Structure formats: structure tokens, C-alpha cells
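Source: prediction; values computed, not measured.
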Amino acid sequence: MVTGWPNLSNPADDTFFFILGISVTLLFLNTAVMLYFVFRYSRKRNPNPTDVKENLTLEIIWTVVPTILVLAIFFVGWKGFQYMRTVPPDAMPIKVTARQWSWTFTYENGKQDNVLRVPVRKPVKLLITSADVLHSLYIPAYRIKEDCVPGMETYLWFLPDQPGSYDLFCTEYCGVGHSAMITKVEVMPQEDFESWYSGEAKEAEAGEKHGEKEHATKAALASEEGAKLIEVKGCVACHTTDGTPKLGPTFKGVFGKKETIIRNGQEREITVDEAFIKQTLLHPEIDRVKGFPPIMPSQQGQLTDKEIDEIVEYIKSLK
Ligand code: CUA
């Protein structure tokens with residue numbers, strides 16, 4: 001996997017270098033004039049100062065020149081803004097849901113992932129929203145950034161010009177897990193993308209056909225779904241499945257475990273069962289496990305009853 005910067009010339013870069021060019025030129029000009037004045041009009045060389053009252057030519061120059069410069073900067077910025085806001089009509093739409101503290105990307109065929117997978121050299125349109133608080137989607141390699149606002153859809157587009165793996169950050173402080181709200185943009189060769197895009201859907205169909213007859217029990221199937229859900233729904237941003245605690249307790253071995261929980265400042269010991277997991281998913285504010293901050297976001301409206309059952313099955317299976 002390559003982590004790098006795409007070669008694409010980008011209007012954000014053009015604007016940046018245009019302003020940088022002007023700034024550097026002015027820095028040198030100003031410094032040169034300043035040094036000349038310090039030297040030429042020192043007390044030694046110029047013992048009798050003269051009072052210059054006005055100079056119309058100079059005043060016109062230092063009004064007109066900066067006005068032109070500022071308008072030029074505006075023009076370059078405006079062109080870039082237009083480019084960023086004008087989505088090519090053939091762009092592939094991908095829905096983005098930001099939540100504390102993970103990302104879900106939903107494709108046209110219903111496929112979901114917590115990594116943004118895109119085919120190379122095809123424009124992509126991101127339709128962005130948030131399930132809870134303000135977040136901001138930022139892909140530095142493609143110089144794009146947009147707020148994720150609950151109850152509103154914002155958008156961005158970009159052209160992934162070469163295969164590779166690029167960072168995708170949340171760049172708006174959104175709570176204690178903000179710094180963990182990181183994922184990747186995987187720019188894949190067309191064929192790889194195609195097989196990924198259609199691949200798992202086929203598997204699911206095949207699974208449904210033989211489904212009941214196969215050896216897999218209902219619980220095992222649910223648990224399999226649960227394993228996918230904790231990725232896609234972002235549980236893994238705070239919970240691990242390998243026994244190490246993160247922002248929240250690990251899922252491994254938690255089912256049936258004795259935990260000290262805190263309710264209204266009162267500690268007591270409980271055994272983690274289905275009811276407790278469900279309560280924590282929907283009403284995390286009631287009880288929390290001792291030693292962890294009260295930051296679990298409620299999943300009410302985020303997960304269906306079926307999905308909750310699947311996650312519970314999966315947690316049960318992690319012994
Ligand atoms: Cu989401 Cu910071």
C-alpha cells in the first residue's frame with residue numbers, strides 16, 4: 001500500500017502557490033526598500049530631515065496595486081471554489097455518515113464499509129451527513145474538506161487519480177474520541193474495485209439461497225452479521241475484540257463477566273448479560289462500567305432491533 005500525495009494539479013494548490021508567490025515577492029521588495037531607506041536616510045547621510053506632506057503618484061500606486069492583487073487573489077480563489085462545487089455529472093455517489101467516532105460509507109448497491117473505497121480515475125461525489133454532532137470530513141491528499149451536519153446533507157467531490165491509500169480525518173472537535181476518528185481512502189484499480197463492489201453482495205445472495213439448509217445455525221449467522229456491524233457502525237472506534245481496552249471496554253470475554261458498574265455515583269457488581277448490553281446500546285447514560293468515561297453515544301435510531309440482536313450474538317461469541 002502506498003501512502004502518498006496524488007500528482008493531480010489542484011485548484012487549492014494553485015491558489016496557495018499564487019498567494020505564496022505574491023507574499024514572497026512582496027517580502028523581498030519591502031525588505032529591499034526598507035534596507036535602502038535605513039541606509040540612504042540614516043542620520044549620518046541625511047542630517048536634515050525633510051517633511052514630505054503628500055505624493056499623489058505614490059498614493060495612487062499603493063492604492064491601485066494592492067487592489068489589483070487582492071482582486072486577482074479573489075479571482076483565483078473563486079475559480080477554485082467553482083471547480084470544487086461543480087460535480088461532474090458522471091460522479092459516483094457515495095453516502096457518508098459521520099458519528100462519534102467513526103465513518104460509514106454507503107454505496108448505491110447498499111454496500112457499506114468503514115473505509116472509503118473508490119475506483120481510480122472516476123470522479124466520486126460524497127453526500128455527507130452526521131448522525132449526532134458536528135464533524136468535518138477531511139482528505140488532505142485531495143485537498144477537500146466539508147462539515148458533516150446532523151439533519152443536513154453537504155457534498156464534496158474529488159477525482160482519485162492514482163491507486164493508493166490516503167488518510168481521511170475528522171477535523172472538527174467532536175468529543176473525546178475525535179482524534180480516533182480516522183480512516184482511509186483506498187483508491188483501487190478499476191477491476192479490484194469492481195470485484196469488491198459486486199463480490200460480497202454475491203456471497204450474501206448465495207448464502208441466502210442455501211441459508212437454512214447449511215450447517216450454520218441461526219445464532220452463528222447472526223453473529224457473523226454482528227461482526228460486520230461493529231465495523232460498519234463504528235463500534236470498533238472505541239471497543240476492541242482482542243481483549244485490550246480502548247476508549248470503552250473490550251468485547252472479548254465481556255459476556256457473562258462480572259463488572260463493577262456505576263449508576264448515579266453508586267457502584268455495584270453485575271454480570272454482563274443480553275439485557276445489560278441492550279440497555280447500554282440504547283441508554284448508555286444509565287449505567288457505565290467503572291474505569292471508563294461516560295462517552296458511549298446512544299444507538300437509538302442508529303441500529304434496528306435485528307441489528308442489536310446480531311451485535312449481542314457476536315459479543316456472546318467472543319470468548
Ligand atoms: Cu468527528 Cu472530530
Side-chain angles (χ1 to χ4, degrees), residues 97 99-106 110-115 131-132 176-177 180-181 183 199-201 203-263 266-319:
T97 308
R99 75 170 67 76
Q100 287 169 319
W101 291 279
S102 65
W103 304 93
T104 304
F105 305 99
T106 310
K111 215 173 159 76
Q112 290 192 319
D113 205 330
N114 59 351
V115 167
D132 39 46
V176 70
M181 204 169 153
T183 186
E200 220 173 74
E203 263 171 47
E205 272 168 36
E208 255 162 57
K209 267 181 207 151
H210 314 287
E212 249 61 3
K213 278 185 247 161
E214 296 277 36
H215 49 275
T217 65
K218 246 183 154 183
L221 282 176
S223 157
E224 226 172 86
E225 288 305 310
K228 283 180 211 154
L229 281 170
I230 66 152
E231 297 272 342
V232 168
K233 299 292 178 180
C235 313
V236 291
C238 301
H239 303 275
T240 68
T241 56
D242 64 1
T244 35
K246 218 171 166 185
L247 286 169
T250 180
F251 287 155
K252 187 176 179 173
V254 82
F255 193 83
K257 191 181 168 197
K258 293 219 183 310
E259 288 274 24
T260 307
I261 58 157
I262 303 174
R263 178 185 291 194
Q266 300 282 347
E267 285 185 19
R268 73 199 162 95
E269 195 159 276
I270 57 134
T271 304
V272 177
D273 55 7
E274 275 195 40
F276 179 75
I277 297 174
K278 285 183 182 174
Q279 177 200 293
T280 306
L281 278 164
L282 298 175
H283 304 285
E285 69 286 352
I286 298 177
D287 291 321
R288 77 180 156 93
V289 175
K290 192 183 175 186
F292 293 96
I295 55 170
M296 167 82 185
S298 169
Q299 300 303 307
Q300 202 142 35
Q302 312 280 339
L303 295 172
T304 63
D305 289 348
K306 184 170 164 277
E307 288 173 330
I308 290 174
D309 289 338
E310 288 166 348
I311 289 176
V312 171
E313 279 309 322
Y314 180 59
I315 293 176
K316 273 189 192 171
S317 78
L318 291 169
K319 303 226 165 69

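Heavy-atom minimum distance, Lys233 versus Thr104: CA-OG1, 4.4 Å. Glu231 and Val236 get closest at one heavy-atom pair: CA-CG2, 4.0 Å. Residue Ile315 comes nearest to Val254 through the heavy atom pair CG2-CG1, 3.5 Å, listed as atom of the first residue, atom of the second, then distance. Considering every non-hydrogen atom in both Asp242 and Thr240, the closest pair reads OD1-OG1, 3.1 Å. A pairwise comparison of heavy atoms in Arg99 and Ala131 identifies CB-CB, 4.0 Å as the closest pair. Closest approach of Ile261 to Phe276, counting heavy atoms only: CG2-CZ, 3.9 Å.
Rounding to the nearest 0.5 Å places CG of Asn114 at 12.5 Å from OG1 of Thr97. With rounding to the nearest 0.5 angstrom, the OH atom of Tyr314 is 4.5 Å from the CD1 atom of Ile230. Expressed to the nearest 0.5 Å, how far OG of Ser298 lies from CD of Gln100 amounts to 11.0 Å. Here the straight-line distance linking atom OG1 of Thr280 with atom CD of Glu285 works out to 9.5 Å at 0.5 Å rounding. Rounded to the nearest 0.5 angstrom, Met296 CE and Cys235 SG are separated by 6.5 Å.
Remark: Lys257 pairs with Glu259 by the side-chain contact (heavy atoms from CB on, under 4.5 Å) rule, at least two apart or across chains. Shown here are the side-chain contact (heavy atoms from CB on, under 4.5 Å) partners of Val176, two or more places apart in sequence or in another chain: Trp101, Ile295.
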Worked verdict on Thr241 versus Lys252 for side-chain hydrogen bond (donor to acceptor under 3.5 Å, both in side chains): CA-CA 5 Å; Thr241 56; Lys252 187 176 179 173; over 6 Å; no
Criterion side chain to side chain contact (heavy atoms under 4.5 Å, CB included) on Ile308 and Leu282, from CA distance to verdict: CA-CA 9 Å; Ile308 290 174; Leu282 298 175; 3.7 Å; yes
Side chain to side chain contact (heavy atoms under 4.5 Å, CB included) between Asp287 and Arg268, intermediate numbers included: CA-CA 10 Å; Asp287 291 321; Arg268 73 199 162 95; 3.9 Å; yes
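Side-chain contact between Pro249 and His239 is present, with heavy atoms from C-beta onward closer than 4.5 Å. Side-chain contact check for Phe255 versus Glu274: some heavy-atom pair is nearer than 4.5 Å. The shortest side-chain heavy-atom distance between Thr250 and Thr244 does not fall under the 4.5 Å cut-off.
Heavy atoms of other residues, nucleotides or ligands lying less than 6.0 angstrom from CD of Gln266 number 12 at most.
Contact check on Lys228 versus Glu225 returns a salt bridge, with a Lys/Arg side-chain nitrogen under 4.0 Å from an Asp/Glu carboxylate oxygen. A salt bridge links Glu310 and Lys306; the closest N-O separation between the charged side-chain nitrogens and carboxylate oxygens is under 4.0 Å.
With Lys278 as the partner, the side-chain contact (heavy atoms from CB on, under 4.5 Å) test is satisfied by one option alone out of Ile311, Asp273, Asp309: Asp309.
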